[in-house]
Amino acid sequence: MAESVVDASELSAAQKPQISNETAVEIIGMSKWYGDFNVLKDINLKVKRGERIVICGPSGSGKSTMIRCINRLEEHQKGQIIVEGTELTNDLKKIDEIRRDVGMCFQHFNLFPHLTILENCTLAPMWVRKMPKREAEELAMHFLKRVRIPEQAKKYPGQLSGGQQQRVAIARALCMQPKIMLFDEPTSALDPEMVKEVLDTMVGLANDGMTMLCVTHEMGFARQVANRVIFMDAGQIIEMNEPNAFFANPQHERTKLFLSQILH
Amino acid sequence: MSDVAIGHGQPFVRKEILQPEPPPASLVGFSGWARQNLFVGPANTLLSLFCLALATYVAWIMLDFLVLRAVWTGANREACIGPEVGACWPFITTRFGQMLYGFYPAEEHWRPATVFFVAVALIAPLLTPSAPYKKANALLFFVAFPIFAFVMLSGGFFGLRPVETRAWGGLLVTLVVATTGIVASLPLGVLLALGRRSKLPVVRFFAIAFIEFWRGVPLITVLFFATYMLPLFLPSGWSIDGLLRALVGVSLFSAAYMAEVVRGGLQAIPKGQYEGAMAMGLRYWPMMILIVLPQALKLVIPGIVNTFIGLFKDTTLVAIISIFDFLGIIRSAFADPNWATPGTVYTGFAFAGIVYFIFCYGMSRYSRFVEERLDVGHKH
Ligand SMILES: Nc1ncnc2c1ncn2[C@@H]1O[C@H](COP(=O)(O)OP(=O)(O)O)[C@@H](O)[C@H]1O
Ligand SMILES: [Mg+2]
């Protein structure tokens, strides 16, 4: 963990763009169970448009589960989740609507190995947004350029390095032109020399004003782009603060312990 | 070359970066391959020699019987009698038409022949990846061709003389049953496999019940039931064509096996693939058709082709409901007193074996070709 922490000064400069007053995601009194196991307990969180939230915490604390509830990869049992004004319920139409607004990148990329990079990127625009093929390909190339791998478009995911695959995954999510991006430990499965290229891409995204919720232990990234850092443990939000104060002056015992473990 | 790191105490910094060298001679060429694969150690060497000897012996026996001692021409059994006689090929050639078409009237043989050629003309480009117009081709084969084949073979339309399916036989029946079974069992099997993994209990229950029922009874029982018992359950006056009953029985039977093969593939697809697809907003069917099934089916190509090959050979079982498929026709020919010699039976079975082998081995080779072609991912 500690080796891959990127020094904030290494990353390209971020300007922290304006945050809007409108709400992108609102979670109110949300709880979730796996059988008897109460994995999330009374989560309350409001994310404004353009805001960047970094979520950290020990393994098994419920970070993934929480962000996966936002696009209904997991179902919550209590409380409310409102995404871009739409409340998540069992209504499939609403789930579709929200998934169109929310892009997600996973720890293991989850690219489709039987499709080329370009096909990975054009799939959702063509099948969900019903975009003509030509237009979808132009869009895909635009975002592949943005993550700086347009030359790999005709290759298959298995032929790319981990860092390149994760950048493709980011481009693929962007092709849906989402309003919110979720990242679940996007650099944890990468070899150390590839972490920076992915973080740079994410910083670029942040600088463009994307609303982002990132589960990550890259504290350099958190310092540089986050508006708020959230620390979770045992299915609860333990502490939340703006990054400088969070790192310089953690309040809760568990936060202190966790930070002392990952920052030496 | 003097750039060597030895021992401790001395720090080491490489001055010259090494270039790759060609492999040593013991790794290359046939002799290298043989030394590494066939003659490693005494046990391996003995086993290799034994297998080589066995293979040579079997090949020699076959060559001797089928070619060297074989009789190639003749009008009846007289030609094939004698102690030194091998295969009796005139027995096959004189009955060749019957082996292809059964008791289909001789003056109408051009009809099944046309169907054969059209089938080949449609299947060959369909199976060739580089051939163009795949969609039109598939449409022709899966929609237009069955209608065309039905009209041509059964007749009764366009002035074509009706030919009852009871008269069909030989390779014609074998191919009709096998092709229908293959084409019907894959989509049915996929649906059943998806049903068995469905979240909806009713769908899941139905799929499980169907699969377990058809897997639980022997194909012979199915065919017997369809032929002798089904009529008892149908309203009087109703009757279903005998061949059609066999087709349905074989298709449903293979579909159950196919379902389990496909389910194996579905289980091997990581959860992340579903999540990736769902996070993009794909619903169930697009996700299955675009993401999950292409990967799952690719994984189980060997199993699918295995089921196809099994089905192809199981078509011989229709013999027990008095349908004379390829093997059935050959066996019925053994009774012909004109050709009854000790070698006739061997010749007939050898010929049947060769023909079945050509089809089954062809499928097997094609599946290897497809597997290699679809192999795009090196690492995950
Ligand atoms: N599908 C599941 N069924 C049961 N328990 C689960 C499931 N997924 C996760 N969990 C449990 O929920 C807890 C939180 O998991 P997760 O959100 O993945 O944690 P994190 O991402 O913070 O490491 C863990 O204890 C994990 O074992
Ligand atoms: Mg996690």
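Quick note on labels: first sequence line is chain A, next is B, and so on, each numbered from 1.
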Given the rule in the salt bridge (Lys or Arg N to Asp or Glu O under 4.0 Å) test, do A:K145 and A:E151 qualify, once you have shown the distances and angles that lead to the verdict? CA-CA 8 Å; A:K145 274 181 201 138; A:E151 71 283 356; over 6 Å; no
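- Neither the backbone nor the side chain of A:I98 comes within less than 4.5 Å of any heavy atom of chain B.
- Within 6.0 Å of the CZ atom in B:F205, the count of heavy atoms belonging to other residues, nucleotides or ligands does not exceed 12.
- Of all the listed residues (B:G276, B:P286, B:P294), the one sharing the greatest number of non-hydrogen pairs under 4.5 Å with chain A is B:G276.
- In summary, the aromatic rings of B:Y257 and B:F253 are positioned with their centroids under 6.0 Å apart.
- If you measure heavy-atom distances from A:F112 to chain B, the contacts under 4.5 Å come from both the backbone and the side chain.
- Note that A:K32 lies in the cation-pi zone of A:Y34, set by a 6.0 Å cut-off to the ring centre and a 45° limit from the axis.
- In plain terms, the two heavy atoms of B:D375 and B:K298 that are nearest each other are CA-NZ, 4.2 Å.
- Interface remark: of the candidates A:V102, A:N71, A:L73, A:L73 forms the most heavy-atom pairs closer than 4.5 Å to chain B.
- The 12-atom threshold is exceeded at OH of B:Y366, counting heavy atoms of other residues, nucleotides or ligands nearer than 6.0 Å.
- The part of A:R68 that comes within reach of chain B is its side chain, from C-beta onward, which places non-hydrogen atoms under 4.5 angstrom from that chain.
- The part of A:N120 that comes within reach of chain B is its backbone (N, CA, C, O), which places non-hydrogen atoms under 4.5 angstrom from that chain.
- Residue A:R172 touches chain B through its side chain alone, counting heavy-atom pairs closer than 4.5 Å.
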